[in-house]
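A note on names: the letters A, B, ... follow the listed sequences, proteins ahead of strands, and every chain is numbered from 1.
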Amino acid sequence: MEYDHILIRYGELSLKGKNRKKFIEKLQQNIQQKLTAFPDAKVKRTQGRMFVLLNGSDPQPIMDQVKNVFGIHSLSLAIKVENELEKIKEAALYALTNAENIRTFKVAVKRINKGFPVRTHELNQIIGGHLLSNTESITVDVHHPDVEVRVEIRGEATYITSGVVRGAGGLPVGTSDKTLLLLSGGIDSPVAGYLAMKRGVQIEAIHFESPPFTSDRAKQKVLDLAEKLTKFGTSVKVHVVPFTKLQQKIFQETPDGYGMTVMRRMMLRVSERVCQKEGILSLTTGENLGQVASQTMTSMNTINEVTNYPIIRPLVTMDKDEIIEISKAIDTFDISIRPYEDCCTIFVPKAPKTKPKRDRVNYFESKFNYEDLIQEAIEGIEVIKITDKKKEEDAFEGLF
Amino acid sequence: MIYLDNSATTQPHPEVLKSFEQVSTTFFANPSSIHQLGGETEKLLIKSKQQAAMLLNVHEDEIIFTSGGTEGNNIAIKGIALEHQGRGKHIITTEIEHPSVYEGCKSLETLGFEVTYLPVNQDGVVSVEDVEKAIRKDTILISIMHVNNELGSIQPIREIGEISKKNPKLFFHVDNVQGLGKVPLSLDDTGIDLCTMSGHKIHGLKGTGLLYCRRGVKLFPLFHGGEQEFKIRSGTENLAGAVSLVKALRLIKEREDTEAVELRKLSQYLREGLKKIDKVVVNTPRNAAPHIINFSIPGLKPEVMIHTLGKQGIFISTKSACSSKDLDESRIIKACGYNQSRTKSALRVSLSYDNTEEEIKTFLNKIVEAINQLKEVME
């Protein structure tokens, strides 16, 4: 006997009314996509439940993959047996003895198939007794058990689980349309992307590069970050904008101190046009209130003036250490701290204005017509599609 | 050909050669160059450290790629001595170390360091108590090998590691060139600060190796320059060598996992066979490494046996290859307390996972034949 299923419980999905079906289908798709490395494992749905049928695959690596998929409340390894009491007892014992570090347990029977001849209460006792008499030094605790052996008797079969692993929560990626993530290469923006994805949003990323002031390694860093994000959803398209000319012009034309503000506004303008072209409905940034000069309330007010697209700022009220904690958890931190210049760290004025006023900035911008340069930047965009599969691994394949 | 000199060097694995060639062809750029090609090779270098770290269960910033065992031992010993001489100038090692440690220590004596060379017992093993007793206030380094290269005797590294932990002011270096892939040695929380490994003893290439240097251990670099390898070993990285080394390491670890029992059996078979031969005495102790058997044929010059077997396509060695040029007696066998008839007639057979029982059988037969032939000229 061994675990042959992974039982998947949805979180918020069950509240989604008429959209429910769409959400569930998307979730199923997203999970199946994560399992390409395990050709035998199949995702199946029955009423109100989703399962991964293992078909002989090792459950642990699959659990590790599925755990990261948004839209899952929790997961459990499960054994499926026929609706026969002896088989159920045997499977329950397997489930209990395979749980680690436990001293107490509780049996919880759900008899959805009312045709099963033994009643719930009685079943609890029979199975509990069977477990007690076949184990040593494990006792029953109905209030705070170390493990709950759940037995679910359904029409087609009975499922036995023990132990629950928390899922990633959120909503399945792809159920809340698309956003365009401004991805600089720092610590914040990938975390912002991750949190947006958690709400079911699919992301595309936009990155501004200023060669030769920024290097290929800075760009590679952004692509590596985007690749980390694919782990939580599907492939990510990165729009790489050639920003050199525009950026140089901005800093030539704008008095020191306001250059950063004008640059951020220009980035939003370019981003909005990419949204229009790609049918994307919002922007997402890693902005965080008060962190640096460009992120004061005044600054946000002035920068935001140029677009009426919603800007999602998942990090806006977080503390830096909270952000770092998430970036470590999603494995982007080590990439983010690679020390290459990006477009936000070059041409930095000695004292950027912390309270840049709208009228002042509008006045400075009116002194030069940037339209042609914006157009040129947009036409020069390189779109790189990052899929879940690692590119570099291919290049290095077989070397080790 | 029957090759039984695997502790001198091994035949490179074809897969290792393939990696070396691929990297040399495709990723030839200098990892320090800031252009795109340099970026790629830098990435590959990081990747090879990650892989090596994974295989050794250490951190990637604890891996220093070197040119092999001699370099690793020199960087470790002289690096500690020069960096920490302000704290003390006393070093503890043994009488049976590889020349790169032994002579390295001798050279430090000329610079005013004091070295204690601990004796070994008849089994070629140093005593843990001797190590503990030798520690002084000014001791900065203990350097002791894991597996002896001539004899195969295994040193009590775990126990010495515990002593090292109790003496936080000194460093513990282990030369694991001979043990790697044959006798397990954990680096995690064992009190080991530095550990030398070499590529060409594990079917890797000559000129490849690595030094494990625990986080926080400071060394004085022997090479100054472009600050590669965490400033410990300047010089453009031998990336192809590093990648090929990691591959060799992975392959040998796999064989260690799956074929250790067979190697042990083969070693046993060889030992029993040798013991049955009249005039042969086995020097390697019972619980030694599985791949080295040292024996003497008192009264017979070892070169005579090497040449007799060599003519028939069987290759073994006298003493260790590194000290074979010195045709006198074996320093190691002497340290075990044996008399000259044994120290001057020592031979070494060293196995790899590729050797077969058939080969050992042939070897044993040829030894008997040779002894019968040479009997008249023996003293």
Side-chain angles (χ1 to χ4, degrees), chain A residues 58 60-61 64 183-185 190 207 209-228 230-231 238 240 242 244 328 330-343 345-346 380 382 384 386-400, chain B residues 13-56 59-61 63 65 199 204-205 208 210 239-254:
Chain A
D58 183 9
Q60 209 46 54
D64 290 342
L183 195 56
S184 61
H207 174 66
E209 64 162 356
S210 292
F213 302 102
T214 63
S215 70
D216 270 346
R217 282 180 213 197
K219 176 172 157 190
Q220 186 58 47
K221 180 177 165 185
V222 167
L223 299 181
D224 289 349
L225 287 171
E227 193 217 289
K228 286 286 177 198
T230 59
K231 197 164 71 183
V238 184
V240 182
T244 317
K328 283 184 176 163
I330 64 172
D331 227 7
T332 56
F333 183 77
D334 287 340
I335 301 174
S336 290
I337 59 172
R338 286 183 206 159
Y340 312 124
E341 295 263 28
D342 63 50
C343 61
T345 60
I346 55 172
E382 178 195 5
I384 300 166
I386 312 281
T387 53
D388 212 347
K389 215 170 140 216
K390 286 189 174 175
K391 266 201 244 154
E392 81 187 57
E393 303 278 278
D394 289 352
F396 297 162
E397 204 185 314
L399 290 178
F400 296 106
Chain B
H13 194 288
E15 280 291 315
V16 170
L17 281 166
K18 211 170 98 191
S19 282
F20 184 86
E21 197 194 342
Q22 275 177 349
V23 177
S24 301
T25 313
T26 318
F27 302 100
F28 60 86
N30 191 325
S32 303
S33 295
I34 61 169
H35 51 62
Q36 188 187 333
L37 293 181
E40 270 172 24
T41 48
E42 185 193 33
K43 233 163 51 182
L44 184 54
L45 183 66
I46 294 171
K47 187 96 195 163
S48 43
K49 290 217 167 163
Q50 288 169 344
Q51 293 284 331
M54 200 185 73
L55 290 166
L56 297 171
H59 302 288
E60 59 179 280
D61 53 359
I63 306 278
F65 287 123
L205 301 173
T208 66
L210 70 80
L239 183 60
V243 171
S244 73
L245 169 71
V246 177
K247 180 160 241 179
L249 192 59
R250 175 175 70 77
L251 293 171
I252 201 76
K253 291 257 171 201
E254 281 172 14

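At a threshold of 4.5 Å between non-hydrogen side-chain atoms, the residues A/Arg217 and B/Glu42 count as touching. No side-chain heavy atom of B/Gln36 sits less than 4.5 Å from a side-chain heavy atom of A/Gln220.
In this structure, B/His35 NE2 and A/Ser215 OG are separated by 12.0 Å, a value rounded to the nearest 0.5 Å. For the atom pair CD of B/Glu15 and CG of A/Leu399, the computed distance is 10.5 Å after rounding to the nearest 0.5 Å. How far CZ of A/Phe396 is from CD of B/Gln22: 12.0 Å, rounded to the nearest 0.5 Å.
With chain A as partner, the option from B/Leu251, B/Val23, B/Ile34 having the largest number of non-hydrogen pairs under 4.5 angstrom is B/Ile34. Most heavy-atom pairs under 4.5 Å with chain A, from the set B/Val243, B/Leu44, B/Val246, B/Leu55: that is B/Leu44.
Contact between A/Gly398 and B/Ser19 at its shortest, heavy atoms only, is O-OG, 3.8 Å. Considering all non-hydrogen atoms of both residues, B/Lys247 and A/Phe400 come closest at CE-C, 3.6 Å.
Residue B/Thr26 does not touch chain A at all, counting heavy-atom pairs closer than 4.5 Å. Contact annotation for B/Phe20: neither backbone nor side-chain heavy atoms come within less than 4.5 Å of a heavy atom of chain A.
Other residues, nucleotides and ligands contribute more than 12 heavy atoms inside 6.0 Å of the CD atom of B/Glu60. Counting heavy atoms of neighbouring residues, nucleotides and ligands inside a 6.0 Å radius, atom CD of B/Glu254 exceeds 12 of them.
Remark: A/Phe213 engages A/Phe347 in a ring-ring contact (aromatic ring centres under 6.0 Å, His included) (not counting sequence neighbours).
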